[in-house]
Amino acid sequence: MRYYQVGIGQDYFWHQQYRTLSPEQSIEAGLRMFSIQTATNMMAAMAILGWKDAVIHQGYLTHAALNRGYQLVIEYEEEHRRAHAFMLRLFADWVGDTSHQWPDYAYDEPIYEALLSRWRTLNPDDLLPCLLAACDRHTWQTGKVSQKNAYDFNQDWHLERVPVEILYILRLREWEGLPNPQKIEHPLMTAPFDQLPPEQPIPKLDELMQGVLKRAREDWPQYDAVLSLEALKQAL
């Protein structure tokens, strides 16, 4: 997870550098290789682990990448990953001060629209029908990506059996001081996914990653400033 955290940050930094060094390039012709699928999956996984500050940084970084047009074109415009749009919209609703103008497909899944409107309900039982429907959707949105089919949860990220979007909602509710359902009766939610794990400490970066960051900061003194939370919040 720490490797992903550093890698996704560097991915954003490279896009920012490219835009800075080649200002004559239009957004459409510029570098567009940022994966919202990877970034969003990792944001949700960080939430499951209880890394609240990391989730906040990752959520703003991903929105900054979207709003600057860094996202992969096929992934964003053709594969229509509704689960990831949902998780990012949920993040925006949680923090309340960021947004993205999504294409129409991000709003056409009734299950996710219901969850977005109800996720802060005080009565956890009111959320159960939506959560069960989301579990069903996860199962039929699982498969191997091909030229004909794209799935929200696929073998590339090994989330076929992990209810990442469900546990993500439950963690955000926990952080909001809201009670969660005692049990979600669905095959996807069997152990070890039948409950949120205890919040985990963030491990220190190993020697390799410390060396990578040391070199990056030597070569680009603005590295930390570009990736600061303040800068990401100000990104168009």
Side-chain angles (χ1 to χ4, degrees), residues 36-37 39-67 71 75-77 79-142 150-153 159 162-189 193-196 199 232-233 235:
I36 62 168
Q37 182 191 25
T40 307
N41 284 341
M42 294 306 103
M43 177 189 70
M46 290 172 184
I48 295 169
L49 293 174
W51 298 1
K52 188 174 183 179
D53 290 343
V55 170
I56 291 171
H57 188 271
Q58 183 84 346
Y60 277 106
L61 183 147
T62 307
H63 275 86
L66 282 166
N67 291 337
Q71 63 271 24
E75 188 178 271
Y76 181 79
E77 296 181 4
E79 294 179 338
H80 296 179
R81 300 192 182 277
R82 291 168 176 83
H84 302 89
F86 160 70
M87 287 188 277
L88 289 169
R89 290 175 62 204
L90 183 59
F91 172 85
D93 188 75
W94 177 50
V95 297
D97 67 347
T98 190
S99 63
H100 175 64
Q101 189 163 346
W102 290 93
D104 291 344
Y105 70 79
Y107 307 95
D108 67 8
E109 176 50 76
I111 295 169
Y112 290 153
E113 295 307 299
L115 278 171
L116 278 164
S117 68
R118 301 175 192 175
W119 79 273
R120 280 193 172 97
T121 180
L122 297 178
N123 184 352
D125 291 337
D126 292 343
L127 204 60
L128 266 176
C130 299
L131 293 174
L132 287 169
C135 287
D136 284 342
R137 186 186 186 279
H138 185 111
T139 61
W140 60 258
Q141 268 296 311
T142 294
Y151 298 95
D152 285 350
F153 307 101
L159 293 177
V162 182
V164 61
E165 73 280 34
I166 310 300
L167 295 175
Y168 169 64
I169 296 169
L170 299 182
R171 183 68 82 189
L172 292 189
R173 282 180 57 84
E174 182 183 85
W175 285 338
E176 289 291 286
L178 297 169
N180 282 319
Q182 291 295 311
K183 188 171 181 61
I184 302 173
E185 296 283 355
H186 192 279
L188 198 64
M189 302 302 295
F193 307 121
D194 54 333
Q195 58 185 340
L196 281 170
E199 293 192 2
L232 296 174
K233 286 182 176 182

(request) Output, in order, the C-alpha distance, side-chain angles, deciding distance and verdict of side chain to side chain contact (heavy atoms under 4.5 Å, CB included) for L131 and H186. (result) CA-CA 10 Å; L131 293 174; H186 192 279; over 6 Å; no
(message) Set out, in order, the CA-CA distance, both residues' side-chain angles and the distance that settles side chain to side chain contact (heavy atoms under 4.5 Å, CB included) for L167 and L170, then state yes or no.
(response) CA-CA 5 Å; L167 295 175; L170 299 182; 4.2 Å; yes
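With sequence neighbours left out, the side-chain contact (heavy atoms from CB on, under 4.5 Å) criterion links H80 to R82, Y105. L49 is linked by a side-chain contact (heavy atoms from CB on, under 4.5 Å) to M1, W51, Q200, counting only residues two or more places apart in sequence or in another chain. Under the side-chain hydrogen bond (donor to acceptor under 3.5 Å, both in side chains) criterion, E77 pairs with no residue at all, not counting sequence neighbours. By the side-chain hydrogen bond (donor to acceptor under 3.5 Å, both in side chains) test, H57 pairs with no residue at all, sequence neighbours left out. Qualifying side-chain contact (heavy atoms from CB on, under 4.5 Å) partners for E176, counting only residues two or more places apart in sequence or in other chains: W94, W119, R120, L178. The side-chain hydrogen bond (donor to acceptor under 3.5 Å, both in side chains) check on E79 picks up R81, with sequence neighbours excluded.
For the residue pair P179 and L122, the shortest heavy atom distance occurs at CG-O, 3.5 Å. When all heavy atoms of R171 and A47 are compared, the closest pair comes out as NE-O, 2.8 Å. In plain terms, the two heavy atoms of A44 and Y168 that are nearest each other are CA-CD1, 3.8 Å. A85 approaches A106 most closely through the heavy-atom pair CB-CB, 3.8 Å.
A salt bridge does not link E165 with R137: every distance from a Lys NZ or Arg NE/NH1/NH2 to an Asp or Glu carboxylate oxygen is 4.0 Å or more.
Considering only heavy atoms from C-beta on, T40 stays 4.5 Å or farther from F91 through its side chain. In this structure, M87 and N41 have side chains that are in contact, with non-hydrogen atoms separated by less than 4.5 Å. Using a 4.5 Å cut-off on side-chain heavy atoms (C-beta onward), K233 and T98 make no contact. Looking only at side-chain heavy atoms (C-beta outward), W140 and F153 stay at 4.5 Å or farther from each other. Side-chain contact between E113 and L116 is present, with at least one heavy-atom pair separated by less than 4.5 Å. Between V162 and F193 there is a side-chain heavy-atom pair separated by less than 4.5 Å.
Distance check, rounded to the nearest 0.5 Å: CD of E185 to CG of D194 gives 10.0 Å. Summarising the geometry, atom CG belonging to L115 is positioned 6.5 Å from atom CD1 belonging to I166; distances are rounded to the nearest 0.5 Å. With rounding to the nearest 0.5 angstrom, the CZ atom of F86 is 10.0 Å from the CG atom of D93. Atoms CD and NE2, on Q71 and H100 in that order, are 5.5 Å from each other to the nearest 0.5 Å.
With hydrogens and angles left out, the side-chain atoms of H138 and D152 include no donor and acceptor closer than 3.5 Å.
Relative to the ring axis of W175, R173 does not place its NZ or CZ within 45° and under 6.0 Å from the centre.
Residue D104 qualifies as open at atom CG: its count of foreign heavy atoms under 6.0 Å is 12 or below.
Between the Q37 side chain and the E75 main chain, no donor and acceptor come within less than 3.5 Å of each other. At distances below 3.5 Å, not a single donor-acceptor pair connects side-chain atoms of E174 with backbone N or O atoms of N180.
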